[in-house]
Number of protein chains: 2
Amino acid sequence: MKALLPSFESIFSIDCVIFGFDRGELKILLIERNEEPFKDWLALPGYLVAQDESIDDAASRILHELTGLKDIFMEQFHAFGDVNRHPQGRVITVAYFAMLRLNGAKELKPLTSFAKKAFWHPVNNLPALAFDHSEIFEKALQKIKRKITYQPIAFELLPEKFTLTQLQTLYEAVLNRKLDKRNFRKKMLNYGILKELDEKQKGVSYRAAKLYKFDKRKYAKLFKNELSF
Amino acid sequence: MKALLPSFESIFSIDCVIFGFDRGELKILLIERNEEPFKDWLALPGYLVAQDESIDDAASRILHELTGLKDIFMEQFHAFGDVNRHPQGRVITVAYFAMLRLNGAKELKPLTSFAKKAFWHPVNNLPALAFDHSEIFEKALQKIKRKITYQPIAFELLPEKFTLTQLQTLYEAVLNRKLDKRNFRKKMLNYGILKELDEKQKGVSYRAAKLYKFDKRKYAKLFKNELSF
DNA sequence: CTATAATATTGTACAAAGTACACTAAGTGA
DNA sequence: TCACTTAGTGTACTTTGTACAATATTATAG
């Protein structure tokens, strides 16, 4: 397909901010770059969009190629288009985020040589990242902080069965502040979107907590109502 | 500046959804196109991004060239990147929105021949728009519906001095539902971000209402708190 | 078996915010 | 001065948010 107006052509990329939650810590997925510019630097998984793919498709493909992860639902959140954000030319990027449960200890394995490796890194103490990726990450963090207060995205980060304490720890990690235990439970249970299971936590050396599941049906009914913290 | 990886080049555009509020009606700014494709169709103001301008700068420039409007603060809200959204080739677009007061009866006058004219159109009964612009508009409308519930964007749509009834009518137009007068006033006045003036409405053939101003100082203090409707 | 250590679980009183609802006041103009 | 139109106001009730601490349960060590 021939472009119409060559003087307006730009290079276009996707960057992904993938959040995970593991042992009480919020993490994001980084790659170590294997190509210039910023060779050997840490960066968000990101690459160029081809002409024959939608940006949503490109996001899925790129994440897969750089990390091995497939079938991750990502949501677009911002385009970054400063002229000099890429040292070698004009590159506009659209950033996506996703939330991911880490329980399966999913294998991370780049499928291309563009990334040396992919790995999880705690969001606290992030090192300097390539390009404007630190800025992109910050914007994503702000986005999920807001979003967790009105949509049940937290459940995407937890294993299917979880305890209320785990849920609370996650909220605290994202919001970066302590919440009151009794009030948190009251509020969560009141929403009626948790299903209490007959099972209990296993393998802990203290009183085991009840396990819960997120009840998608009930949530769908309440969809217009928003949560707030 | 030479592009690095020619096979990844795309054309890149900006589209603007500019909301205005006039005589109780929510409106948006449209242009009539003067170029193929979609010649003579109505469309959102939008054009291509040059290689040497940031996307934010491009948005301001494009709005100015197509409508004559200057110094409008726009906020980016979504990128649209389906492969076939433009009939003649791959064009990725980033959409911006803004809120504008129409009181000054600002003159709309395209500076380029790309648009025959620019004009306000009520958001109800919008005609079919060029490209995927109807979809872009819908997304913008959803965005401001959400946003008006937690940020005082309503004030950008009203004249500097306004009555509480005008403010309420605006909220009702954006949210597309009736609100209770007493509760609305109680809530608004409670936020403490309105300054009551010594003036009254003029030129009405019934009891004149008090005029208010939005108090930016007080709002800034409360910035972390959000409104909700 | 008992004691200890660790976390799970629970309730109440108060404050703040949301909601439903209808009459009186003020200004205009005939 | 009367009729019309919109401005302006309050109360009772419900819901939600918030501050705060003691008891229950289980695992493990001795």
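Naming convention: chains lettered A, B, ... in sequence-line order (proteins, then strands); numbering from 1 in each chain. FYI, side chains are in, hydrogens and waters are out, and symmetry mates aren't considered; it's all heavy atoms of this structure. Keep in mind that what you see is a predicted model, and the values were worked out from it rather than measured.
- Applying a 4.0 Å cut-off to non-hydrogen atoms, none of the residues of residues 194-203 of chain B approaches DNA chain D.
- What separates CG of B:Leu189 from P of C:dG18 is a distance of 14 Å, to the nearest Å.
- Regarding B:Arg177, its CZ atom lies at a distance of 12 Å from the C1' atom of C:dT19, rounded to whole Å.
- Base engagement by A:Lys181 is indicated by at least one non-hydrogen atom pair under 4.0 Å involving a base atom.
- Using a 4.5 Å heavy-atom threshold, the side chains of A:Leu42 and A:Phe119 count as touching.
- Computed from coordinates, the A:Lys187 NZ to D:dA19 P distance equals 12 Å when rounded to whole Å.
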Where do A:Lys147 and A:Glu75 land on the salt bridge (Lys or Arg N to Asp or Glu O under 4.0 Å) test, with the steps shown first? CA-CA 12 Å; A:Lys147 186 149 183 159; A:Glu75 186 180 338; 2.7 Å; yes
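- Within the nucleic acid shown, A:Asp180 comes within 4.0 Å of at least one base atom, counting heavy atoms only.
- Using bins of under 30°, 30° to 60° and over 60° for the plane-to-plane angle, the ring pair A:Phe12/B:Phe12 lands in the tilted bin.
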Below 3.5 Å, can you tabulate the donor-acceptor pairs from side chains in residues 204-216 of chain A to any protein atom, sequence neighbours excluded?
unit_1	atom_1	unit_2	atom_2	d
A:Lys210	NZ	A:Glu196	OE2	3.3
A:Asp215	OD1	A:Arg217	N	3.1
A:Asp215	OD1	A:Lys218	N	3.2

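- Taking a cutoff of 4.0 Å between a charged side-chain nitrogen and a carboxylate oxygen, A:Arg177 and A:Glu172 do not qualify as a salt bridge.
- Between the P atom of D:dA19 and the NZ atom of A:Lys178 lies a distance of 15 Å, rounded to the nearest Å.
- Distance B:Gln166 CD to D:dG8 P: 11 Å, rounded to the nearest Å.
- A cation-pi arrangement is not found for A:Arg33 relative to A:Phe131, the charged atom failing to lie both closer than 6.0 Å to the ring centre and inside a 45° cone about the ring normal.
- Side-chain atoms of A:Arg207 and base atoms of D:dA24 include a donor and an acceptor less than 3.5 Å apart.
- Among the atoms of the strands shown, only primed sugar atoms or phosphate atoms (P, OP1, OP2) are found under 4.0 Å from some heavy atom of A:Thr165.
- Base engagement by A:Lys186 is indicated by at least one non-hydrogen atom pair under 4.0 Å involving a base atom.
- For D:dA21, neither phosphate oxygen OP1 nor OP2 lies less than 4.0 angstrom from any side-chain nitrogen or oxygen of A:Arg182.
- Side-chain polar atoms of B:Thr165 and B:Arg185 form a donor-acceptor pair below 3.5 angstrom.
- A straight line from CG of B:Asn183 to C1' of C:dA16 spans 15 Å, rounded to a whole angstrom.
- The interatomic distance linking A:Gln168 (CD) with C:dT9 (P) rounds to 12 Å, in whole Å.
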